[in-house]
Every structure is written in C-alpha cells, then in structure tokens.
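Take a look at the structure below.
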Protein chains: 2
Amino acid sequence: MEGRIDRIKKQLHASSYKLTPQREATVRVLLEHEQDHLSAEDVYLLVKDKAPEIGLATVYRTLELLTELKVVDKINFGDGVSRYDLRKEGAAHFHHHLVCMECGAVDEIQEDLLEEVETVVEKRWNFLVKDHRLTFHGICWRCSDNRAEESIDHKGNSKDS
Amino acid sequence: MEGRIDRIKKQLHASSYKLTPQREATVRVLLEHEQDHLSAEDVYLLVKDKAPEIGLATVYRTLELLTELKVVDKINFGDGVSRYDLRKEGAAHFHHHLVCMECGAVDEIQEDLLEEVETVVEKRWNFLVKDHRLTFHGICWRCSDNRAEESIDHKGNSKDS
DNA sequence: TTTAATGCAAAGTTTTTGCAGAGAG
DNA sequence: CTCTCTGCAAAAACTTTGCATTAAA
C-alpha cells in the first residue's frame, strides 16, 4: 500500500500538485475501502478519524483532483450522490458494476468485457471510444440463493440449520 | 403519436394513475424530443409553453411516475443533473449512449450490443441481469471529421469552400 | 519565501416535501 | 363525491466558491 501511495504522490508531483496530509489521508481511506463505493460524505467521515480537522470542501477538492488524475472514477448509481471508485493501477478503462436491485450490493467486474463491443461501436458508429461506464441492474447471487432457500422452506424441505 | 399517448394512458390506468393535462403535456414534450436527453428543468421549460401554470414539482413527480412505469429511463451523464430518456416501446432494455468528450453531443444506440456479455455475467457471476446502463465516452464522428479537415487545412490542402 | 492548499461558512444547484385547494373519474 | 393530483413555497440534500490563514517544497 505504501508503494501505491508513493506512485500516487509521483503522479501528483508530475502535475505539480502536493501530497498534503489531508490528501494522503483521503487516499488512504480510498485504498482501505477499495471494494466500497463511497460518497464524498462517506469519505469525509472516514477521513475525519485520521485527520479530525479536515473539511468537507477539501475532500471534495481532493476527490476532484484524483478524478482528474484518473486515480479514481466518479460514478453515479442513481441515488442522488456521486461515488468515487479507485481505478485499478494501470487499468485503461473503468471497471464494470453489478447493482443488486434487492439488497443494494454493488459488486465489481474487473475484466474488460467490452472489447468486441467497442470494436463494433468504433467501426459502425465511427466513434472513438476513450472510456466507458457499464452497470448491470439485477439480482445478485446472494439474493438468488436466499430466494431458493426460502422456496425450499415453504415446501417443508429445509436443510438442517 | 396519439396512439403512443393512448397506450401510455392505458399503462397509467392499469396502475390506477390518471392522465392529467399536466402529465399529458409532459409526455408530449418527451415524445417531441425523443432524441434529446432533457433534464427535469428542460422538460419544465418546454412544458410551460403548452401549460404555463405547471409547477416544477409536478414535472418531477410526473417524471418519477413515468420512470416507475418504465416509460422513461432516468440517466446521469456526470454533470450534476438527472436526464430522462424515453424508452422505445416494447424495448426490454435501456438503449446505449455515446457521449462526445469534445462537443458534448449524446447519440443513441438502439441495438442491443450486450446479449453475449450478459450471458457471461449471468453464468460467471451468477447475476440475474434485469437491465443495464452502458455509456461510451469518446470522440464522435462529427468531431473526428472536423479534426481531419483542420489537419488538411494546415497543410494548405483545404477543399474548395 | 512563495505559491498552492486548507477550513470555514456562505452560496449555489438540484430535488423533495407539506399542505391547502383544485379537479379527474 | 371522493380521493388523487397540483402549485406554491419552504426545506432538504449535495456540491461549489470566496476568502483569510496555513503550510508544503
């Protein structure tokens, strides 16, 4: 993790930005919550534990900066909030998401499933693809499993528990 | 278009909602701007021409209702605003978008390019796909053409104009 | 030292809500 | 006639901005 922070520090310096303690604390929170999809407010509350004097505005400014540097991607899942998602180091494109309509869980797909589709888009629509946002809405495996169990229960055939 | 409105009216009635003049005016605006990606405010201003007494809150409430009925889809392109996009009649899934990073144009892809990808997601991630959001960010054909023209101009080989 | 970055508070946007009155079925 | 729907205005939620102060390189 320290290595990752060093590399982000270099990226900042390359664009003549500084790695201030506030920025470092923010990056650490993002690294520690790599699987989550934190809103600015979420990040703010978590950073406050490390650096209680930080202001919400600084968090917003830092997240904007990290977005500009493509360290994070900003995404919106339809609730009224922007969320910030760490980009895998060296990834050319933003990863994909699975949003469960039942439990609200958001899972990530790191694999790029869109290479062929992007070729089609470039050829057929003459559109030069630079990045993408792909989110699936549906039912996650956890909720499917729960449903299956419930239907077994209803038949009186529940497994031992 | 009248047929389309009738069918939406039936959909509303099926869920015991009424097609009030305000709602009808809103639907008409959406039909007349099928290619656009209007924000609530955009819709409000356009509806005001037809029904000047309408309130912004009613527009929000109507758009929410139409989203619930899957007549429109709500989408967010990363500016801070939700936009509302008419769903093609009978379409199982939301269509895709091409957002030009240069001119800001938003084009639509009605074809479903994700069938194979969704099969992979269902098999490999055990995720039951109900819908999706897919947006490509890049350079549209219009801007590519402009760039090409400019580079010809720079060589002094501009076409007659 | 010098310029960029911060914290605070105020302002800006977008969206939602409460409520009394209006109107659709 | 009843119960939903509307308009208005106020509130809420999220994000950005201005400015005096602080601190990084």
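Just so we're on the same page: letters track the sequence lines, and every chain starts at 1. Nothing here was measured: the structure is a model prediction, and the numbers come from that model.
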- Closest nucleotide among D/dC8, D/dT15, D/dC5 to the B/K18 side chain: D/dC5
- Message: Can you measure B/L65 atom CG to D/dC5 atom C1' for me and round it to whole angstrom units?
- Response: 11 Å
- May I have the distance from A/D79 (atom CG) to D/dC14 (atom C1'), rounded to whole angstrom? 11 Å
- Between CG of B/L19 and P of C/dG23 the distance, given in whole Å, is 16 Å
- Message: How many whole angstroms separate atom CD of B/E53 from atom P of D/dA9?
- Response: 15 Å
- Message: Under 4.0 Å, counting only non-hydrogen atoms across every strand here, what does B/E41 touch: a base, just sugar-phosphate, or nothing?
- Response: nothing
- Among the candidates C/dT17, C/dT6, D/dT6, find the nucleotide nearest to the side-chain atoms of A/T20. C/dT6
- Message: Measure OH/A/Y44 against C1'/C/dA9 and give the value in whole Å, please.
- Response: 12 Å
- Query: Is the closest side-chain donor-acceptor distance between B/D85 and B/H37 under 3.5 Å?
  - Reply: yes
- Can you figure out which of D/dG7, D/dA25, C/dT15 approaches the side chain of B/T58 most closely? D/dG7
- Message: Nearest heavy atom decides the nucleotide; on that basis, is B/P21 or B/K74 closer to the 5' end of DNA chain C?
- Response: B/K74
- Message: Classify B/S39 by what it touches in the nucleic acid, base, sugar-phosphate, or nothing, heavy-atom distance under 4.0 Å.
- Response: nothing
- Classify the nucleic acid contact of A/R61 as base, sugar-phosphate or nothing, counting any heavy atom under 4.0 Å across all strands shown. base
- Message: With a cut-off of less than 4.0 Å, is there a side-chain N or O of A/S16 near OP1 or OP2 of C/dA4?
- Response: no
- Task: For B/N76 and C/dT15, give me the distance from atom CG to atom C1', rounded to whole Å.
- Result: 13 Å
- Per atom distances to the A/Y60 side chain, the nearest of D/dA25, D/dC5, D/dT16 is D/dT16
- Query: Can you check whether B/S39's main-chain N or O pairs, donor with acceptor, with B/D42's side chain at less than 3.5 Å?
  - Reply: yes
- Query: For the pair made of NE2 in A/H13 and C1' in C/dA5, what is the distance, rounded to whole Å?
  - Reply: 13 Å
- Hey, any chance B/L69 and B/L63 share a hydrophobic cluster, counting ILVMFWY side chains that come within less than 4.5 Å of each other, even indirectly? yes
- Query: Quick one: is D/dG7 close enough that its OP1 or OP2 comes under 4.0 Å of any side-chain N or O from B/Q22?
  - Reply: yes
- Task: For the residue pair B/H96 and B/H132, categorise the inter-ring angle as parallel (less than 30°), tilted (30 to 60°) or perpendicular (more than 60°).
- Result: tilted
- Task: Say whether, by atom type as modelled, one donor and one acceptor occur between the side chain of B/Q22 and the main chain of B/T58 under 3.5 angstrom.
- Result: no
- Query: D/dA25 C1' sits how many Å from A/K10 NZ, rounded?
  - Reply: 16 Å
